[in-house]
Each structure stands twice: as structure tokens, then as C-alpha cells.
Amino acid sequence: MSEATGKKAVLELDGKKIELPIYSGTLGPDVIDVKDVLASGHFTFDPGFMATASCESKITFIDGDKGILLHRGYPIDQLATQASYLETCYLLLNGELPTEEQKEKFKKNVRQHTMVHDQVSRFYNGFRRDAHPMAIMVGVVGALSAFYHNNLDIEDVNHREITAIRLIAKIPTLAAWSYKYTVGQPFVYPRNDLSYAENFLYMMFATPADRDYQVNPVLAKAMDRIFTLHADHEQNASTSTVRLAGSTGANPYACIAAGISALWGPAHGGANEAVLKMLDEIGSVDNVAEFMEKVKRKEVKLMGFGHRVYKNFDPRAKVMKQTCDEVLAALGINDPQLALAMELEKIALSDPYFVERKLYPNVDFYSGIILKAIGIPTEMFTVIFALARTVGWISHWLEMHSGPYKIGRPRQLYTGATQRDIQR
Ligand code: SDX
């Protein structure tokens with residue numbers, strides 16, 4: 001629970017003083033409780049929530065100036081290199097890393113829910129084959145609520161917990177099928193003898209004609225690490241969307257579908273796909289200088305750079321770059337786009353335009369290069385992000401429902417027409 005500091009901020013308005021309580025967390029800035037501003041007949045005003053703490057949470061902490069990201073206190077680089085994605089899922093959901101016994105039980109529980117009702121596969125047929133897989137994911141994940149209406153009492157903690165397992169377990173199956181559908185290949189069903197990341201890559205790339213398809217362990221390890229690097233990130237736009245939808249009492253599948261929709265934007269999770277398109281557009285290192293001039297003229301953004309919170313290196317980008325080097329070396333790939341990306345980074349880290357604006361590579365800058373090396377098509381990059389972030393979304397949804405909450409209902413500064421009558 002946050003600690004009342006005993007300190008108060010004093011707002012002086014129209015000669016009156018309003019005392020606003022200040023609370024402290026365990027890490028990060030104190031917060032000023034502004035709800036009493038309403039009594040003064042004012043709203044606070046913070047478009048984009050630049051200075052707004054929307055809730056209290058124990059799940060993830062970010063220090064944007066120092067480039068720190070902790071999940072339940074553990075640094076992201078340690079989780080990405082010393083724990084599996086499912087161990088990180090357990091940590092996000094339960095607050096502690098699992099014991100060996102808890103880990104095996106959790107893995108078994110997830111494995112038992114990787115299949116989906118066979119009717120779910122029919123939903124895909126309603127889409128054109130050239131549909132963007134994120135469009136399919138929004139539709140199919142939201143539709144899951146139609147299959148679990150007898151397990152959707154959000155006041156029942158058991159219903160909430162089984163829903164979390166179902167979503168974490170089924171999202172790789174639905175994601176792989178969104179790819180298979182767009183390439184005209186038959187759906188491949190999950191296998192319970194494979195690890196979480198292996199199973200996903202198996203469902204992505206195995207075909208009935210290749211019964212002995214083996215997932216490359218180097219790629220499975222890289223995939224698992226990429227999942228971990230995307231698992232959660234405090235109150236980002238999509239997580240805030242899930243919390244806002246959840247605050248109305250909407251069912252968790254509908255809330256996660258709302259999160260997938262918000263993630264799709266190129267300013268958020270859609271950036272990984274946009275980075276590869278940007279690298280394709282630049283083409284070669286020779287064109288970098290001209291492209292950077294376009295960025296400075298604000299004609300384009302440098303995708304994969306900048307962050308609302310990080311004004312230093314995104315710690316995930318560092319691990320992602322290290323993973324990129326490992327995967328390309330292991331596969332013997334000399335990807336010219338990596339050289340291009342590194343040239344962009346070098347210039348951005350030295351050019352005053354970017355340095356003044358504290359624009360550093362974020363999680364999306366190098367992820368696309370690894371995903372391409374794994375064989376994932378560009379249109380699937382944000383689907384992978386949504387797959388991995390599902391545990392973060394549902395962890396925040398569970399945290400919100402574990403205690404009292406109010407429906408989220410912001411107000412506005414109205415600058416429209418004053419009242420007037422229809423003149424006929
Ligand atoms: C994710 O919130 C999260 O935690 C998200 C995320 C997560 O895990 O959930 O981390 C995932 O979404 C990462 C971000 C992926 N998006 C991109 O890579 C797209 C490119 N980045 C930008 O669109 C932008 O940096 C944002 C959207 C990420 C942040 O936008 P802000 O907070 O509005 O940027 P800002 O106010 O800090 O910008 C300051 C200045 C502005 O210029 P001036 O008006 O001062 O002249 O920097 C400029 C911006 O125009 N700027 C950029 C830029 N990002 C900011 N200029 C060129 N290229 C960019 N990428």
C-alpha cells in the first residue's frame with residue numbers, strides 16, 4: 001500500500017488554499033492526490049497523461065532517466081537471460097519467481113489449455129486471406145468470451161485465475177493460426193511435449209507435409225527471450241486500455257482484445273513492423289544522412305527510437321541487440337539491415353537533434369531484425385508483441401480486480417459551442 005507521507009501540496013485558488021495529500025511508493029516519484037481539486041470547481045488537465053499516475057501497482061517499475069525496468073523487483077536483463085518466459089509469467093501473476101515444483105505445475109497447467117474450441121477455427125474463415133493478422137487477433141481473441149460465458153464471473157477469483165491461464169496458453173495458438181491462415185496453410189495444433197516458445201514456432205512453421213519438423217533450439221531460445229522482453233511495461237497505452245476496459249466490468253477477453261487494438265498503433269506496438277519498413281525504405285547506409293534530414297524536418301519519425309518514459313537507453317533494447325548478434329551469428333546471417341540499423345543508431349546517439357530530445361533505441365528497434373532472422377514475416381511482428389504482452393495485460397487486470405476500483409471516467413476542457421437554440 002502507498003504510504004501517506006504526511007506532506008501536503010498546497011494549491012492556492014481564488015484566495016482559497018486546497019491541501020492535497022502526497023503519497024510515497026517504494027520506488028519512483030511521490031504522487032499528489034488531486035481528487036480534492038474537484039471540490040474547487042476545477043479539473044486537472046494532463047492530455048496524454050504525461051504527469052498522471054493512473055493507479056497504484058506492484059507489478060512493474062520503470063525509471064526512465066536511469067533506464068531501469070523491474071518486474072516485481074527483478075531487473076529485465078536478469079529475467080531475459082536467467083529465467084524463461086513462463087517463469088516471468090508466473091512472477092508477474094503471483095509476485096514471486098516459482099519454485100521448481102510451482103514451475104512444473106504452472107507449465108503443466110498452461111500446456112493443458114493450449115487448444116481452443118474447434119468452432120474458434122471457423123472465425124478465421126470470415127477474413128480475407130490478405131487480412132492483417134492483427135485484425136484477425138482483435139476479432140478472434142474478443143470472440144473467446146463467447147466460449148467461456150460460464151467462467152466469466154469476474155467477482156470469482158477462480159474464474160479470474162483460470163481465465164489468465166487460458167489466455168496465456170491459447171494466445172500462441174491463435175497467433176500462429178493468424179499467420180497460417182494468411183499464407184493458406186492448414187492450422188497446426190499445439191504439442192504438449194514442446195516448450196512454450198518451441199510450440200509457437202512449431203505451430204508457425206510445421207506443415208502436415210513435414211511431419212518431422214524440428215524447431216531450431218537457437219531460435220526457440222531467442223523467441224522465448226523476446227517474449228520475456230515484451231511481457232509487461234507498467235501503464236503503457238495498451239495496458240491502460242485494458243485497465244480502463246476492465247474498470248467497466250467488461251469480461252477479460254474483451255479487455256485483452258481492447259489491449260491488442262491499442263497496441264497495433266505504430267506509435268506503440270506497431271513500431272517493430274514500422275522499423276523494418278523504414279529500413280526497407282532507407283535501403284542502404286548511403287541514404288541514411290538524407291533520411292535523417294527528413295526526420296529533422298519532421299517529415300518522418302525515426303521508428304524504434306524515442307519513448308514517453310525512457311530518456312535513456314531502453315534496457316530491453318540492450319538485451320535485444322545482444323540477442324540479435326547471437327542469433328545472426330548462430331545462423332551465419334549477415335543481414336545488411338543490421339548494419340543499416342547500427343549506422344542509424346550511431347548517428348542518432350551523436351547528432352544533437354536526437355541527443356537534445358533524448359531519443360534512444362527502444363524495444364522495437366532491433367526486435368524486427370531478429371524476428372526476420374527467425375523467419376517471422378513483418379506483418380506478424382506486432383502479433384508477437386501482443387502474444388508476449390498478454391501476460392502483462394492480464395496481470396494488471398487481475399491486480400485491478402483484486403481490490404476496490406472505480407470505473408475510469410476522465411473529464412475534459414470543453415471549448416465547443418456554448419448553449420444555443422435551434423432557429424427554424
Ligand atoms: C512502445 O509506453 C510504453 O511503455 C510503450 C512500450 C511498451 O513496452 O509498452 O515501451 C512499447 O510503444 C515503444 C515505443 C515504440 N514507438 C516507436 O518507436 C515509434 C517512434 N517513437 C515516437 O513515436 C515517440 O518517441 C513515442 C510515441 C514513443 C513517444 O512520443 P512522445 O512522448 O510524444 O515523444 P516526446 O514528447 O518525448 O518527443 C520529444 C521530441 C518531439 O520533438 P519536438 O516537438 O521537441 O521538436 O522528440 C521528437 C518529438 O517530435 N520525437 C521524435 C521521435 N520521438 C519523439 N522525432 C523523431 N523520431 C522519433 N521517433
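Start at 1 and go down the list; that is how both ligands and their atoms are numbered.
Considering both main-chain and side-chain atoms, A267 comes within under 3.5 Å of ligand 1 through a nitrogen or oxygen pair. By the 3.5 Å distance cut-off applied to N or O atoms, D364 is not counted among the residues near ligand 1. Ligand 1 has no N or O atom lying under 3.5 Å from any N or O atom of F354, backbone or side chain. On a distance-only criterion, F305 and ligand 1 share at least one N/O pair closer than 3.5 Å. The shortest N/O to N/O separation between Y353 and ligand 1 does not fall below 3.5 Å. Backbone and side-chain nitrogen or oxygen atoms of V295 are examined, and none is located within less than 3.5 angstrom of a nitrogen or oxygen of ligand 1.
Within 6.0 Å of the CD atom in E12, the count of heavy atoms belonging to other residues, nucleotides or ligands exceeds 12.
In plain terms, the two heavy atoms of V383 and S178 that are nearest each other are CG1-OG, 4.2 Å. When all heavy atoms of I76 and T228 are compared, the closest pair comes out as CD1-O, 3.8 Å. Across all their heavy atoms, S238 and R389 have their closest contact at OG-NH1, 4.4 Å. For the pair G408 and S247, the tightest heavy-atom approach, listed with the atom from each and the gap, is N-OG, 2.9 Å. Summarising the geometry of Y181 relative to R128, their closest heavy-atom pair is CE2-O, 3.5 Å, with the distance given to 0.1 Å.
Note on R72 versus E96: no salt bridge recorded, every NZ/NE/NH1/NH2 to OD/OE distance being 4.0 Å or above. Ion pairing of R191 with E198 is absent here, as no side-chain N (NZ or NE/NH1/NH2) approaches a carboxylate O to less than 4.0 Å. Salt bridge absent: R111 and D193 never bring a charged side-chain N and a carboxylate O closer than 4.0 Å. With respect to E101 and K105, no salt bridge is recorded, no charged nitrogen being found less than 4.0 Å from a carboxylate O. With respect to the salt-bridge test (charged N to carboxylate O, under 4.0 angstrom), the residues K372 and D335 qualify. Classification of E326 and K321 as a salt-bridged pair fails, no side-chain N sitting under 4.0 Å from a carboxylate O. Between D351 and K296, at least one side-chain N (NZ, or NE/NH1/NH2) sits under 4.0 Å from a carboxylate O, which counts as a salt bridge.
Here is the list of ligand 1 atoms found below 4.0 Å of a heavy atom in A271: 15 (C), 16 (N), 17 (C), 18 (O). Of all atoms in ligand 1, numbered sequentially from 1 with element shown, those under 4.0 Å from a heavy atom of K298 are 42 (O), 43 (P), 44 (O), 46 (O), 50 (O). The contact set between ligand 1 and G304, taken as ligand atoms under 4.0 Å from a residue heavy atom, comprises 17 (C), 18 (O). Ligand-side atoms of ligand 1 in range of L302: 57 (C), 58 (N), 59 (C), 60 (N), range being under 4.0 angstrom from any heavy atom.
Of the candidates R389, K296, K294, R357, the one placing a heavy atom closest to atom 9 (O) of ligand 1 is R389. Nearest to atom 50 (O) of ligand 1 by heavy atom, out of K301, M278, H307, is K301. Of the listed options M292, H268, M50, H268 places a heavy atom closest to atom 11 (C) of ligand 1. With distances taken over non-hydrogen atoms, the option nearest atom 52 (C) of ligand 1 out of L359, N362, V363, T60 is L359.
For atom 30 (O) of ligand 1, the nearest protein heavy atom is 4.0 Å or more away. Taking a distance limit of 4.0 Å, we find that atom 39 (C) of ligand 1 is approached by no protein heavy atom. Within the 4.0 angstrom cut-off, atom 34 (O) of ligand 1 has no protein heavy-atom neighbours. Checking atom 16 (N) of ligand 1 against the protein gives a heavy-atom contact under 4.0 Å. Within the 4.0 angstrom cut-off, atom 26 (C) of ligand 1 has no protein heavy-atom neighbours.
Contact annotation: K311 has at least one heavy atom less than 4.0 Å from an atom of ligand 1. Residue R316 places a heavy atom under 4.0 Å from ligand 1. Assignment of V309 to the shell around ligand 1 is not supported, since no heavy atom sits closer than 4.0 Å.
Of the heavy atoms in P266, only backbone atoms (N, CA, C, O) come closer than 4.0 Å to ligand 1.
In this pair, F106 and Y90 present their aromatic rings perpendicular. The plane angle is above 60°, beyond the 30 to 60° band. Relative ring orientation between Y310 and H233 is described as tilted, the plane-to-plane angle lying within the 30° to 60° band.
The shortest contact between atom 2 (O) of ligand 1 and any protein heavy atom is with N236 CB, 3.4 Å. Protein heavy atom at the shortest distance from atom 4 (O) of ligand 1 is H233 ND1, 2.5 Å. Scanning the protein for heavy atoms near atom 32 (O) of ligand 1, the closest one is R308 NE, 2.7 Å.
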